[in-house]
Structure formats: structure tokens, C-alpha cells
Amino acid sequence: MQKIPLMLAKADMIIGRDVFRGDTQVGIPVCGRGTVLTDSLIDRLERLDVQTIIVEGHPVWEDGDLSLDDMLLDLSRRFDKVKDDPLTARLYAIYKANLIKSMGDDGGRQAE
Amino acid sequence: MDDKRSELKKIIMDTKTLPTLPGVINKLNMLSENEKSSVQEMAKIVSSDSVLSARILRLANSPSYGFYRVSTISNAMILLGVNVVKSLALSSSIFEIMEKNSVGLWEHSLAVGVASNIIARKLALSECEEIATAGLLHDIGKVIISLKCSEAETAILAAIREQEIYMREAEQLVLDTDHAEVGAWLSKSWFLPDKLSEPISFHHNVIQSDTHRVKTSVVHIADIIIKASGFGNSGDIFVPKIQQAAWDCLKLSQELLAEMVEDIEDKLIEVKNFSLEIQA
Ligand SMILES: [Fe+2]
Ligand SMILES: [Fe+2]
């Protein structure tokens with residue numbers, strides 16, 4: 001999941017978190033998790049003063065964002081001392097699988 | 001050779017410069033032991049401390065706690081329960097110390113608190129709120145070390161980087177003690193209940209926790225998951241080993257662990273937003 005400014009939202013992105021009026025966390029959500037964005041919906045969110053939204057996957061790449069390869073490398077380094085431990089290795093496997101999944105099928109932008 | 005350690009204990013636990021718990025919490029403790037005292041009475045005491053009230057309302061309204069639009073302290077107490085407000089009061093006053101000190105550690109602690117809560121609920125344990133508070137406070141010893149021995153802290157951080165060791169090992173090298181033990185000393189001087197002091201003292205050595213091993217195990221696992229996630233900054237570069245005693249005590253399985261990680265990662269997005277908001 002990724003938090004992006006509404007300006008970068010595009011049709012077909014999927015809402016990862018309920019969206020509320022004016023970027024608050026209160027009241028009734030104006031748009032629920034799992035909704036697929038359309039151009040008219042983006043217009044409507046703009047009118048409701050929403051500045052940022054959280055979307056599924058990792059659709060927007062900016063300078064400084066880590067690629068999937070970089071993230072896997074960081075993860076592997078963090079687990080350097082415990083990869084041989086059977087219990088902790090399970091946690092490593094879970095995180096590794098999650099990272100690959102959460103970056104989406106096309107999320108695996110390769111390191112440049 | 002306990003000299004260095006006991007010397008240090010004296011310095012660290014010097015009550016004149018040790019952060020104290022606000023009197024509000026002691027008053028609350030007394031009142032809540034008395035069955036007859038009303039929520040209103042307690043709310044009045046909390047309200048007398050405006051900073052604390054603001055923090056409680058902010059925390060009560062934070063997505064991490066899942067309640068919204070709580071605008072008065074007595075509503076917060078009715079909604080959250082007296083114990084929760086007490087936990088909030090306790091943790092928020094400690095966070096006042098922590099927040100100024102280190103954002104990375106504050107994020108780590110907040111995340112371990114949230115993760116402890118999720119794990120406790122998933123396992124249908126009792127006293128989930130207390131477990132969450134224990135998670136929130138588990139590394140309080142690090143705050144004290146940083147407050148009282150800033151030179152040693154620099155040496156500790158250098159040792160972690162240069163020798164690629166765990167923070168506890170570095171603390172032992174430099175100080176002859178570690179943050180878990182310092183946390184234990186602090187818990188004593190603050191008269192924290194065992195259900196909080198055991199997880200604080202033994203979250204890196206679950207087997208030493210006798211009375212509240214379940215709670216200690218939850219905090220142990222939560223700490224490791226948050227370190228695995230790379231969220232916040234605990235001071236450690238490396239993920240520590242999951243202790244068999246904690247795994248057995250909670251009867252964990254690969255599937256259960258995977259579900260917990262998923263729920264925790266989901267919530268961490270909100271924790272990050274909350275942390276950014278509270279710093280603003
Ligand atoms: Fe710790
Ligand atoms: Fe920790």
C-alpha cells in the first residue's frame with residue numbers, strides 16, 4: 001500500500017484505506033477501501049478537500065523510492081544473524097513473501 | 001565485578017533527576033481502588049491536568065485505538081474504560097519524555113504497543129490493554145540511558161555499528177548493564193505493577209518472566225515483528241532471535257504468525273500517520 005497525493009491519483013487505482021472528507025479520520029467515509037478510482041470520483045474527492053489517499057500496491061515511483069530488489073536486500077540484511085534459526089527464519093519467509101506480494105505484479109521495478 | 005553496575009544504578013536512579021510520574025496517576029490509582037468513586041470524579045482529576053487531557057483525547061481519537069470523536073474526558077473514560085485511560089495517562093506522560101528525545105524510538109515503541117495489542121486480541125488473551133501498555137513501555141530503559149548517560153549512549157551506538165552487535169550486547173560492553181535491567185530498576189521506583197514490569201524487564205529473556213510470561217512473550221514477539229518490519233528505529237540493526245520459550249508459551253504456528261504480521265502491517269500505516277501528526 002502506498003500513500004499518494006490526490007494529484008497523482010489515476011483511474012483504475014484501488015483505494016487501500018477509507019477516505020474521509022478534508023483528510024480527517026472522522027465521520028462517514030466518502031469512499032471505502034477496495035473502491036476502484038474513476039476520473040469522476042477523483043474530481044469528487046478533490047471537491048471534498050481530500051489531499052492524500054492510500055492506494056493498493058505501489059503505483060507511483062518517485063526518486064528515492066526503494067525498488068523491490070533494494071527492499072529485499074534490506075530485509076535480508078536485517079535478518080543476517082537469525083537466518084539459521086528455525087523459528088525466526090519463518091518470520092523472514094513471511095516478510096519476504098509479503099514484500100513481493102505487496103509490490104504488485106508490476107511492482108517489481110528492477111533496480112537501475 | 002558489580003561495582004561499575006551498582007555505581008551506574010545509583011546515577012541512573014538518582015531520584016532528583018529521574019522523571020517522575022505525574023501525581024494525577026497516583027490519584028487515579030487511589031480512586032479506582034475505591035469502588036464508589038464515579039467516572040465523573042476521576043474525569044475531574046484527569047481534567048485538572050490540561051496537557052494530559054489533551055494527550056488523552058488525542059490518543060483516544062487516534063485511529064490506533066479505533067475510537068473517533070471523543071471530545072470529553074468523561075466520555076473517553078466511559079468509552080475506553082477507566083483502566084485504559086489510566087494506561088493512556090501513564091504511557092502519555094512517559095511519551096512526553098520519549099517524544100522529545102528520539103522520534104525513532106518513539107515510533108518503535110508506539111508500533112510495539114499497537115502490535116502487542118493486535119497479538120493479544122488475536123490470541124484472545126485477557127487484559128489486552130495492559131499488554132498494549134507494556135509494549136508501549138518495553139524499551140523505557142533506553143530512554144533513561146539516553147537521558148542519564150548520553151556519552152555512554154554515543155559509545156553504545158558506535159559499538160553497534162562498528163562491531164555489528166545487538167544493542168543489548170553494546171550496552172553490556174559499555175555500561176555493564178542493559179536497557180531491560182534499567183527498565184526493571186525504573187519499574188521498581190515507579191511502583192509499576194508486575195504485569196508491566198515483567199515485560200519491561202524480561203522482553204529479551206522471556207524465560208525469566210514467571211508470573212506474567214504470556215504478556216512478556218507477546219511483547220517479545222511484537223518487538224521482533226516491528227524490527228523485522230523495519231518500522232521506526234529501535235537502535236538495533238539486526239532482528240533478534242525469536243525465543244522458543246515465547247513461541248511455546250503463546251502456542252504460535254507459522255499460519256498464526258503470518259496472520260499477525262498481516263494485521264500489524266495493515267495497522268502500521270495508520271501508526272505512521274499518527275506519529276507524523278503528533279509531531280506536527
Ligand atoms: Fe528492548
Ligand atoms: Fe524494542
Side-chain angles (χ1 to χ4, degrees), chain A residues 1-5 14-30 33-34 50-58 65-66 68 70-103, chain B residues 58 61-71 163-166 169 206 220-231 233-234 236-248 250 252-270 272-274 276-277:
Chain A
M1 263 182 277
Q2 186 185 16
K3 186 177 183 181
I4 59 168
I14 299 164
I15 297 285
R17 270 283 182 288
D18 289 358
V19 181
F20 299 88
R21 197 181 274 269
D23 268 5
T24 55
Q25 290 283 344
V26 296
I28 303 157
V30 290
R33 165 178 208 161
V50 172
Q51 316 269 335
T52 56
I53 55 172
I54 290 169
V55 291
E56 296 282 359
H58 198 105
D65 276 1
L66 293 180
L68 177 60
D70 292 338
M71 286 190 201
L72 288 172
L73 197 65
D74 277 353
L75 182 72
S76 161
R77 276 205 204 103
R78 286 202 290 277
F79 277 84
D80 250 357
K81 285 183 187 266
V82 288
K83 284 209 192 91
D84 293 334
D85 174 67
L87 293 181
T88 322
R90 296 188 189 188
L91 186 64
Y92 177 59
I94 291 169
Y95 263 97
K96 197 172 165 184
N98 279 5
L99 259 187
I100 293 169
K101 200 178 94 196
S102 77
M103 299 297 281
Chain B
R58 216 162 170 180
N61 282 294
S62 84
S64 325
Y65 280 90
F67 294 104
Y68 303 107
R69 287 194 290 186
V70 181
S71 57
Q163 305 180 38
E164 306 205 323
I165 52 179
Y166 288 113
E169 296 170 322
V206 169
H220 171 80
I221 298 286
D223 183 49
I224 292 174
I225 291 178
I226 297 306
K227 281 173 178 158
S229 163
F231 189 93
N233 182 3
S234 66
D236 263 321
I237 303 171
F238 299 108
V239 176
K241 201 165 130 178
I242 295 178
Q243 293 177 346
Q244 186 76 46
W247 184 277
D248 294 343
L250 300 179
L252 289 182
S253 65
Q254 170 105 17
E255 295 71 43
L256 211 50
L257 186 65
E259 285 172 33
M260 286 169 180
V261 167
E262 192 177 339
D263 292 355
I264 290 167
E265 284 297 318
D266 204 55
K267 203 78 183 172
L268 283 184
I269 294 175
E270 286 162 39
K272 185 76 199 174
N273 287 339
F274 175 58
L276 290 174
E277 184 216 315

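Reminder, nothing fancy here: chain letters follow the sequence lines and each chain counts from 1.
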Task: A/D80: side-chain hydrogen bond (donor to acceptor under 3.5 Å, both in side chains) partners, not counting sequence neighbours - done: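 Listed in chain order: nothing, the list is empty.
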
When rounded to the nearest 0.5 angstrom, what is the spacing between [atom1] in [X] and [atom2] in [Y]?
X	Y	atom1	atom2	value
A/L87	B/Q243	CG	CD	10.5 Å
B/M260	A/I94	CE	CD1	10.0 Å
B/S229	A/R78	OG	CZ	7.0 Å

Task: Pairing of A/K81 and B/D236 as salt bridge, 4.0 angstrom limit - done: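 Answer for the salt bridge query: no.
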
- [ ] State plainly whether the residues B/D266 and A/R17 are in salt-bridge range, i.e. N to O under 4.0 Å.
- [x]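 Yes.
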
Tell me, for [X] versus chain A, whether the close heavy atoms (under 4.5 Å) come from the side chain, the backbone, both or neither.
X	answer
B/I237	backbone
B/Q244	both
B/I225	both

- [ ] Using a 4.5 Å cut-off on heavy atoms from C-beta on, say whether the side chain of B/F238 contacts that of A/V82.
- [x]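 A side-chain contact is absent here, since even the closest heavy-atom pair is not under 4.5 Å.
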
TODO: Give the minimum heavy-atom separation between A/D85 and B/I242, together with the two atoms involved.
DONE: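 Heavy atoms only, the tightest pair is OD2-O, 4.1 Å.
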
TODO: Can you establish whether the number of heavy atoms outside B/E259 located under 6.0 Å from its atom CD is more than 12?
DONE: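 Atom CD in B/E259 is packed in, count exceeds 12.
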
